[in-house]
Amino acid sequence: VEKMTDLVAVWEVALSDGVHKIEFEHGTTSGKRVVYVDGKEEIRKEWMFKLVGKETFTVGAAKTKATINIDAVSGFAYEYTLDINGKSLKKYMENRSKTTNTWVLSLDGMECRVVLEKDTMDVWCNGKKMETAGEFVEDGTETHFSVGDHNCCIKAVSSGKRKEGIIHTLIVDDREIPEAVE
C-alpha cells in the first residue's frame, strides 16, 4: 500500500447512513488528485496540468453529491473546501441539524446511531433505513421500529411554542435516549 504523502485534507461528514471520512491527496508537483471516501478510492487523476479546479463524487447510501474545490491562495499555497449538495460543509451541517435528529446509544454492546429525517420521517440505524410503523397518539405521533430485540419508538410532540416546533424523543425499551450533538 503506497503511503499517502500528498494528503492535504480530511473531512468527516455526518449523513443519515453514518459518518463518512473524505480524504484528498493533491500532488502539486505531479498534478495528482486522489479522493478517498471511507478509505476507498473514488477518483484518481494523474498529471493534471491545471492545479486548481473541482472534483465531484458521491458519498453514502443516498449518493449525496460532494465537491472538493481546489483554489490557489498565493504562490504555491492551495486551499481545499468541501461542498455537500452545493453548500459549504458548515452550512450543510447547520441546515442538517434543523432537518434531522441523531441519537447514539449502546445496544447489546454495540454502538447504534439512529437518525430521523424530519421531512420524510425516515429512520436510519447504523446505515440502514428501518422499516417503521407510524401511529397517531393523544399528544402527537409515534414512529415504531425495532433494532434486534429492542422496541424503539420516536415520539413527536408539539412543544407548544412556534419557534421550537415539534420535539422528537427516542425511547428504547421504555428508556429515553438523549440526542447526540454531531
Side-chain angles (χ1 to χ4, degrees), residues 1-107 110-132 145 147 154 165 168 170 179-182:
V1 178
E2 80 177 81
K3 202 165 160 290
M4 298 201 301
T5 49
D6 295 324
L7 187 66
V8 292
V10 178
W11 295 276
E12 302 252 317
V13 182
L15 300 177
S16 294
D17 68 333
V19 179
H20 299 279
K21 187 176 183 182
I22 297 171
E23 296 167 294
F24 183 55
E25 283 185 46
H26 189 215
T28 49
T29 47
S30 65
K32 174 179 79 170
R33 293 183 193 177
V34 189
V35 175
Y36 299 91
V37 177
D38 299 327
K40 188 176 151 290
E41 189 176 294
E42 287 294 317
I43 296 173
R44 175 178 288 267
K45 292 180 178 165
E46 307 278 352
W47 305 110
M48 299 277 296
F49 291 105
K50 203 167 162 234
L51 290 174
V52 294
K54 293 178 185 321
E55 292 299 339
T56 298
F57 51 99
T58 61
V59 181
K63 299 261 178 254
T64 303
K65 184 178 163 223
T67 303
I68 294 173
N69 303 295
I70 308 156
D71 297 296
V73 186
S74 65
F76 293 102
Y78 296 89
E79 183 182 67
Y80 308 96
T81 53
L82 179 67
D83 291 348
I84 303 289
N85 273 345
K87 293 186 184 80
S88 74
L89 182 58
K90 185 174 181 286
K91 273 236 171 347
Y92 177 80
M93 294 318 286
E94 281 168 6
N95 183 53
R96 200 179 147 71
S97 69
K98 293 183 190 111
T99 59
T100 61
N101 287 80
T102 302
W103 296 271
V104 176
L105 64 150
S106 181
L107 283 182
M110 224 181 71
E111 185 173 276
C112 290
R113 183 173 174 272
V114 175
V115 177
L116 168 69
E117 293 182 352
K118 294 188 230 182
D119 50 353
T120 57
M121 291 306 284
D122 285 343
V123 176
W124 294 73
C125 179
N126 290 353
K128 290 189 185 66
K129 200 155 141 189
M130 305 305 285
E131 288 286 322
T132 60
F145 60 100
V147 177
I154 295 174
H168 295 89
L170 174 64
E179 195 174 342
V181 180
E182 292 193 309

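Keep in mind it's a predicted model, so treat the numbers as computed, not measured. Each residue takes its place number in the sequence, starting with 1.
- Taking the side chain as every heavy atom from C-beta outward, L116 and W124 never approach each other to under 4.5 Å.
- To the nearest 0.5 Å, atom OG1 of residue T132 and atom CD1 of residue I154 are 8.5 Å apart.
- Ion pair E55/R33 flagged as a salt bridge, since at least one NZ, NE, NH1 or NH2 atom sits closer than 4.0 Å to an Asp/Glu carboxylate oxygen.
- Contact record, E42 with K40: OE2-NZ, 3.0 Å, taken as the closest heavy-atom pair.
- Rounded to the nearest 0.5 Å, atoms CD1 (I84) and OG1 (T64) are 7.5 Å apart.
- Residues H168 and K118 have side chains in contact (heavy-atom distance under 4.5 Å, counting atoms from C-beta outward).
- Nearest heavy-atom pair, S88 versus D83, reported as atom, atom and distance to 0.1 Å: CA-OD1, 3.6 Å.
- Look at K32 and E25 and you find a salt bridge, because one of the NZ, NE, NH1 or NH2 atoms lies within 4.0 Å of a carboxylate O, short of that distance.
- Neither side chain, E111 nor S106, offers a donor N or O lying under 3.5 Å from an acceptor on the other.
- Of all heavy-atom pairs spanning G31 and L51, the tightest one is CA-CD2, 3.8 Å.
- Looking at R96 and E94, no side-chain N of the basic residue comes within less than 4.0 Å of a carboxylate O on the acidic one, giving no salt bridge.
- Using a 4.5 Å heavy-atom cutoff, the side chains of V73 and Y78 are not in contact.
- No side-chain donor from either of K65 and N85 sits under 3.5 Å from a side-chain acceptor of the other.
- The number of heavy atoms from other shown groups lying within 6.0 Å of NZ (K91) does not exceed 12.
- Counting only heavy atoms from C-beta outward, the side chains of D17 and K129 never approach each other to under 4.5 Å.
- Listed here is the closest heavy atom pair of N126 and R113: OD1-N, 2.7 Å.
- The closest side-chain heavy-atom distance from I70 to F24 is below 4.5 Å.
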Next on the checklist: Before you tell me yes or no, could you show the steps for E117 and S16 under side-chain hydrogen bond (donor to acceptor under 3.5 Å, both in side chains), namely the whole-Å CA-CA distance, both residues' side-chain angles and the distance that decides it to 0.1 Å?
Outcome noted: CA-CA 8 Å; E117 293 182 352; S16 294; 2.5 Å; yes
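- Here the shortest heavy-atom pairing between M130 and C125 reads SD-CB, 3.5 Å.
- For the residue pair D6 and H26, no side-chain donor N or O sits within less than 3.5 Å of a side-chain acceptor on the partner.
- Within a 6.0 Å radius of CD in E46, more than 12 heavy atoms belonging to other residues, nucleotides or ligands are found.
- The line from SG of C112 to CG of L105 is 5.5 Å long, rounded to the nearest 0.5 Å.
- Annotation for I43 and T56: closest pair CD1-O, 3.5 Å, computed over non-hydrogen atoms.
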